[in-house]
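Here the structure is a predicted model, which is why all the values come from computation and not from measurement.
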Amino acid sequence: MSKSFSAFGLAVGAVVLTCLPAAAQTKVTNEGISATEIVIGTHQDLSGPIKGWGVPVSNGMKMAVEEVNAAGGIHGRKIRLVIEDSGYDPKKAVLASQKLIERDKIFAMVGPMGSPTVLAAQDILLDAGVMQLFPLTAAEFTFKFDPAKPQERLKFNNLLPYVESTRAALKYMMEWKGFKKPCIMHQDDEYGKNVLDGFNQQLAVMKVQPASITTYKRGASDFSAQVAKMKSDGCDLVVLGAVLREPIGTMSEAKKLGWDVTFLGATPVNVMEVPMLGKEVVEGLYAASGFEIPYEDTAKGKVKDWLVNYKKMFGTDANTQAIIGYNAVMTFAFYANKAGKDLTGQKMLDALESGEKFFDIFNSPPTKFSKTDHLANTITQVQQVKGGRWVLVKDNLMF
């Protein structure tokens with residue numbers, strides 16, 4: 001990708017205005033729509049510290065595009081997906097987004113990866129009238145919008161938000177197990193801050209003081225200092241605002257110290273790779289979750305078929321990340337179909353805000369948006385690692 005793209009002076013292309021009052025008009029692009037195709041873009045970590053997320057997410061998106069196109073596309077238009085590698089680097093995400101807007105003329109950004117990377121590039125998209133749909137982060141900035149800033153109306157999120165899910169899972173664990181000295185270790189970025197906010201908000205409601213708050217830098221691999229501090233502080237529950245490798249490293253360090261403590265991960269911890277790679281180290285780990293993880297030997301019907309087809313396409317088992325990527329494109333396709341044959345940016349925006357429900361094949365809570373709420377749902381589960389896989393502990397949790 002060329003690095004000559006500037007953050008300023010974007011060739012935005014054609015835009016149309018919504019029917020909102022003049023003081024609050026939203027411009028939304030019609031680029032990427034032709035008689036035969038709809039061009040959508042995404043940036044993923046395909047080479048950096050969370051490529052364990054980015055690669056399967058990209059695969060899931062590719063699989064969905066193939067299914068939609070094989071079934072006739074969107075009112076006869078085929079979806080063309082353009083994927084860029086951000087390496088989980090905010091600067092690269094900005095360059096990728098500029099390239100997708102200027103060169104590829106995308107209609108929408110679908111399923112972009114990561115809190116810091118999505119945040120860095122978000123305003124570039126919105127200023128260009130490009131919708132940011134279903135990013136692979138549940139940070140609040142991806143769905144909360146100020147009506148006085150009309151371009152923020154272009155943000156929609158279908159994932160379980162970090163603040164709300166952390167609050168619901170923490171409340172359940174505190175009441176269920178009677179913990180008295182909860183602690184948190186979180187990633188030092190926008191994602192980690194959201195988990196910390198949920199942790200602090202829930203403890204404030206419950207009138208409980210945190211026993212310890214500690215952070216780590218994104219991409220870190222040594223957690224000995226953090227674990228030693230939390231052990232010294234007497235923590236009996238540790239909330240992990242972490243991703244994939246960090247829970248394994250943290251729990252391994254705790255075992256080295258002979259520290260028997262309960263760990264509760266935020267939603268990004270609830271992925272198949274954690275028990276697969278962590279093995280006995282992560283047995284007993286809890287995590288907040290938005291849907292039950294399917295396993296091929298127990299899945300049935302459409303889910304079973306989907307798992308089998310994914311393995312045929314990519315030579316590996318499907319995982320949580322692949323499901324999320326698949327659902328991002330299938331959700332886009334659902335609302336694009338609802339927008340009708342004469343697709344425009346305005347009609348897509350209206351379809352998204354119509355209140356129509358999208359149901360996936362994985363028995364997740366339905367996706368539904370309105371003009372005032374661009375977050376799909378806040379229904380939380382708690383799952384636990386038992387026998388090397390995630391199993392459901394509690395469903396339908398709210399804080």
Side-chain angles (χ1 to χ4, degrees), residues 7-8 10-33 38-43 74 79 81-82 84 93-94 96-102 104-115 117-159 161 190 328-329 331-340 343-356 358 367-376:
F8 303 97
L10 292 175
V12 171
V15 298
V16 295
L17 297 180
T18 70
C19 298
L20 297 176
Q25 290 178 325
T26 303
K27 64 181 183 181
V28 54
T29 189
N30 287 328
E31 292 282 17
I33 306 170
I38 304 168
V39 184
I40 62 175
T42 192
H43 58 78
I74 309 295
I79 297 176
L81 171 66
V82 184
E84 294 292 327
V94 169
S97 298
Q98 290 169 337
K99 183 259 185 185
L100 289 165
I101 293 167
E102 293 185 359
D104 299 300
K105 308 294 185 182
I106 61 171
F107 175 59
M109 180 74 83
V110 180
M113 167 70 67
S115 296
T117 38
V118 170
L119 178 62
Q122 178 173 269
D123 286 347
I124 293 170
L125 296 171
L126 304 188
D127 289 346
V130 174
M131 287 171 282
Q132 179 175 277
L133 305 179
F134 328 131
L136 273 296
T137 165
E140 290 189 335
F141 71 83
T142 62
F143 58 86
K144 286 194 173 180
F145 62 98
D146 182 352
K149 299 177 180 178
Q151 289 311 104
E152 292 196 352
R153 185 183 171 204
L154 301 181
K155 303 183 297 183
F156 294 81
N157 198 315
N158 66 338
L159 293 183
E190 187 67 23
V329 171
T331 307
F332 169 83
F334 174 82
Y335 288 106
N337 265 310
K338 291 293 181 183
L343 179 65
T344 65
Q346 180 59 56
K347 289 183 177 180
M348 181 69 181
L349 190 56
D350 291 341
L352 285 160
E353 293 183 336
S354 67
E356 291 275 358
F358 167 69
T367 295
K368 177 185 176 183
F369 304 107
S370 70
K371 290 183 181 296
T372 57
D373 190 353
H374 287 187
L375 174 66

**OP:** Could you check if a side-chain atom of L125 sits within less than 4.5 angstrom of a side-chain atom of L154, using non-hydrogen atoms only?
**Re:** no
Subject >> Exam field: side chain T42 to backbone V110, donor-acceptor pair closer than 3.5 Å >> reply: yes
Original post:
Measuring from S97:OG to I106:CD1, what's the distance to the nearest 0.5 Å?
Top reply: 7.0 Å
**OP:** First locate atom CD1 of I101, then atom CD1 of I124, and finally report the distance between them rounded to the nearest 0.5 Å.
**Re:** 6.5 Å
**OP:** Determine, stepwise, if the pair M113 / V118 fulfils side-chain contact (heavy atoms from CB on, under 4.5 Å).
**Re:** CA-CA 6 Å; M113 167 70 67; V118 170; 5.9 Å; no
Original post:
So, do L133 and M348 sit near enough that their side-chain heavy atoms are less than 4.5 Å apart?
Top reply: yes
Original post:
Is there side-chain contact between V39 and K105, with heavy atoms separated by less than 4.5 Å?
Top reply: no
**OP:** Taking the side chain as every heavy atom from C-beta outward, state whether M109 and I40 have any pair of such atoms under 4.5 Å apart.
**Re:** no
Original post:
Is a donor on one side and an acceptor on the other found under 3.5 Å between the side chain of E152 and the backbone of D146?
Top reply: yes
**OP:** List the atom of F369, the atom of N157, and the distance in Å for their closest heavy-atom pair.
**Re:** CE2-O, 3.3 Å
**OP:** Look only at the side chain of E190 and the backbone of S115, and say whether a donor-acceptor pair between them is shorter than 3.5 Å.
**Re:** no
Original post:
What is the minimum heavy-atom distance between L100 and G41, and which atoms define it?
Top reply: CD2-CA, 4.2 Å
Original post:
Any side-chain heavy atom of K99 within less than 4.5 Å of one from D104?
Top reply: yes
Original post:
Between atom CD1 of I74 and atom CD1 of I79, what is the distance when rounded to the nearest 0.5 Å?
Top reply: 4.5 Å
Original post:
Any idea which heavy atoms bring A351 and S354 closest together, and the distance?
Top reply: O-OG, 2.7 Å
**OP:** For residues K27 and L126, report the shortest heavy-atom separation together with the two atoms involved.
**Re:** CE-O, 4.4 Å
Subject >> Residue pair H43 / A93: nearest heavy atoms and the distance that separates them >> reply: CE1-CB, 3.9 Å
**OP:** Indicate yes or no: at least one non-hydrogen side-chain atom of F107 is less than 4.5 angstrom from one of M131.
**Re:** yes
Subject >> Donor-acceptor contact present, side-chain Y335 to main-chain E356, <3.5 Å >> reply: yes
Original post:
So do Q25 and P150 actually touch side chain to side chain, heavy atoms under 4.5 Å?
Top reply: no
Subject >> Aromatic centroids of H374 and F156 separated by under 6.0 Å >> reply: yes
Subject >> Donor-acceptor contact present, side-chain K155 to main-chain K144, <3.5 Å >> reply: yes
Original post:
Between V94 and A120, what is the shortest heavy-atom contact and its length?
Top reply: CG2-O, 3.5 Å
**OP:** Consider only side-chain N and O atoms of T367 and N158, and report whether a donor and an acceptor are under 3.5 Å apart.
**Re:** no
Subject >> Euclidean distance, L352 CG relative to K347 NZ, rounded to 0.5 Å >> reply: 14.5 Å
Original post:
Is the backbone of A138 close enough, under 3.5 Å, to the side chain of T142 for a donor and an acceptor to pair up by distance?
Top reply: no
Original post:
Distance from D373 atom CG to F145 atom CZ, nearest 0.5 Å?
Top reply: 7.5 Å
